[in-house]
**Q** 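Structure provided below as structure tokens; questions to follow.
What you see is a predicted model; the values in this text were computed from it and never measured. When reading the values below, keep in mind they use all heavy atoms of this one structure, side chains included, and skip hydrogens, waters and symmetry mates.
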Amino acid sequence: MDSEPPKGDDLQRLLVTMKQDVLARATPRRGPRRRRTGIAIGVVAALLLGAAGGSVALGLIPGQDDRPAPPAATATPDPTPTRTPDGAPVVDSPPPTPTPTPTSTRRPFALDDPGTWTISGTEVGPIALGGAYDAETDDLAAAYVHSPCYALWDPREPSGPNGESPSLFIVPDGSGGITGVDIAGPSSPGAAPTTAEGLGLGSTLDELRAAYPDLHYTLFDVVDPDPDDGNPYGVWSTTIDGGHVSFHVTATTPVDGIWVSTQHATPPTEFCG
């Protein structure tokens, strides 16, 4: 038996036949006319609704799922920036403020004249603390001679342009660098390195205190509030550029030694031992 529902003309003929059959049966014979007419109309409506439902099921009439999808939303383009007219004034941005370059406290110096060298917490003239020993001392030949004692550098003879320069003890660290420089007299006036304030060998304790308010007495890297002028290892120390600059000086004798180091405030007790 063919169970496929009728389509097209067959469906139309079926609907017409059913309608005629229903109307024929609804022809009034006896009884109230109005009631049979209502029944006939209801039957026809039911058949039409059933046929329409079958058509939807068969795809003849579009259902809710077959309705066309709403159009996709169209993105609104960003507004085009307005171009400044050629005649409009142009306002220039202020130029950036340049960062000031730190001013060095080191004076110009001559390699053959230690009297022009500046002492800071990180340098003594051309010698940079922490640098490689050989690289930092290769320029000293103009004014110094390396002694058999590895740390000692003696002033070259004849004396420099300002007279006899002091000896230098350039102390190495354990890795080939420089840990400190000790400047030891005697020397002629103007022939030794000085700080940016012009203080060095021959300066007094009062001059040092006036120039460096943080000056304090130190013994073996320990601040001692009770200075002992008779102790040869005691020094008066200040901080310059982050490094230690220590003076061997007493209330009655001027500076006769200066120790510069980034690691220790007091010099070693021995340099060549």
**Q** State, to 0.1 Å, how close Gly234 and Leu219 come at their nearest heavy-atom pair, and which atoms those are.
**A** N-CD1, 3.7 Å

**Q** Under the 3.5 angstrom rule, does the side chain of Thr116 hit a backbone N or O of Ala110 as a donor-acceptor pair?
**A** yes

**Q** Go through the steps for Leu199 and Val255 under the test side-chain contact (heavy atoms from CB on, under 4.5 Å), then give the verdict.
**A** CA-CA 9 Å; Leu199 301 178; Val255 176; over 6 Å; no

**Q** With sequence neighbours excluded, tell me which residues meet side-chain contact (heavy atoms from CB on, under 4.5 Å) with Pro155.
**A** Tyr144, Ser165, Ser167

**Q** Using the test side-chain hydrogen bond (donor to acceptor under 3.5 Å, both in side chains), find all partners of Ser175 that sit at least two apart in sequence or belong to another chain.
**A** Asp173

**Q** Would a distance-only check, ignoring hydrogens and angles, find a side-chain to backbone donor-acceptor pair under 3.5 Å from Glu136 to Ile127?
**A** no

**Q** Any side-chain to backbone donor/acceptor pair from Thr262 onto Gly243? Under 3.5 Å, distance only.
**A** no

**Q** So which pairs with a foot in residues 122-141 pass ring-ring contact (aromatic ring centres under 6.0 Å, His included), sequence neighbours left out?
**A** Tyr133-Tyr150

**Q** Kindly compute the distance separating CD1 (Ile240) from CD (Glu123), expressed to the nearest 0.5 Å.
**A** 12.5 Å

**Q** Which pairs count as ring-ring contact (aromatic ring centres under 6.0 Å, His included) when at least one residue sits in residues 184-205, sequence neighbours excluded?
**A** none

**Q** According to side-chain hydrogen bond (donor to acceptor under 3.5 Å, both in side chains), who are the partners of His244, at least two apart in sequence or on a separate chain?
**A** none

**Q** Counting distance only, does the side-chain N/O of Ser246 pair as donor-acceptor with the main-chain N or O of Ala265 below 3.5 Å?
**A** yes

**Q** Who pairs with Asp138 by side-chain contact (heavy atoms from CB on, under 4.5 Å), at least two apart in sequence or on another chain?
**A** none

**Q** Holding to side-chain contact (heavy atoms from CB on, under 4.5 Å), I want the full list of residues that pass it with Ala192, two or more places apart in sequence or in another chain.
**A** Pro166, Ser187, Leu201

**Q** Please answer whether the main-chain N or O of Leu215 pairs with a side-chain N or O of Thr238 as donor and acceptor at a distance below 3.5 Å.
**A** no

**Q** Which residue pairs pass the ring-ring contact (aromatic ring centres under 6.0 Å, His included) test with at least one member in residues 181-219, sequence neighbours excluded?
**A** Tyr217-Trp236

**Q** Does the pair Trp153 and Ile170 meet the rule for a side-chain contact (heavy atoms from CB on, under 4.5 Å), with working shown?
**A** CA-CA 7 Å; Trp153 292 75; Ile170 304 175; 3.6 Å; yes

**Q** Measure from the side-chain N and O atoms of Ser261 to the backbone N and O of His264, and report whether any donor-acceptor pair falls under 3.5 Å.
**A** yes

**Q** Are Ile258 and Val235 connected into the same hydrophobic cluster when the rule is that any two of I, L, V, M, F, W, Y join if their side-chain heavy atoms are below 4.5 Å apart?
**A** no

**Q** For a quick test of reading the model, state the closest non-hydrogen atom pair linking Asn231 to His248 and the distance between them.
**A** O-NE2, 4.5 Å

**Q** Nearest 0.5 Å, please: how far is CG in Asp182 from CZ in Phe169?
**A** 7.0 Å

**Q** If you take all heavy atoms of Ile183 and Ile119, which pair is closest and at what distance?
**A** CD1-CD1, 3.6 Å

**Q** Looking at every non-hydrogen atom in both residues, tell me the closest pair between Pro254 and Gly202 and how far apart they are.
**A** CB-O, 3.5 Å

**Q** Between Glu207 and Thr204, is there a donor-acceptor pair closer than 3.5 Å when you use the side chain of the first and the backbone of the second?
**A** yes

**Q** Taking only residues two or more places apart in sequence or in another chain, which ones pass ring-ring contact (aromatic ring centres under 6.0 Å, His included) with Phe220?
**A** Tyr233

**Q** What residues, two or more places apart in sequence or in another chain, satisfy side-chain hydrogen bond (donor to acceptor under 3.5 Å, both in side chains) together with Thr218?
**A** none

**Q** Applying side-chain contact (heavy atoms from CB on, under 4.5 Å), can you list everything that pairs with Ala210, at least two apart in sequence or on another chain?
**A** none

**Q** To check you understand the geometry: which heavy-atom pair defines the closest contact between Trp259 and Gly180, and what is its length?
**A** CH2-CA, 3.6 Å

**Q** State which residues pass side-chain hydrogen bond (donor to acceptor under 3.5 Å, both in side chains) with Thr179; sequence neighbours excluded, sorted by chain then number.
**A** Gln263

**Q** Locate the shortest heavy-atom distance separating Leu140 from Pro126; write the atom from each residue and the value.
**A** CD2-CG, 4.1 Å

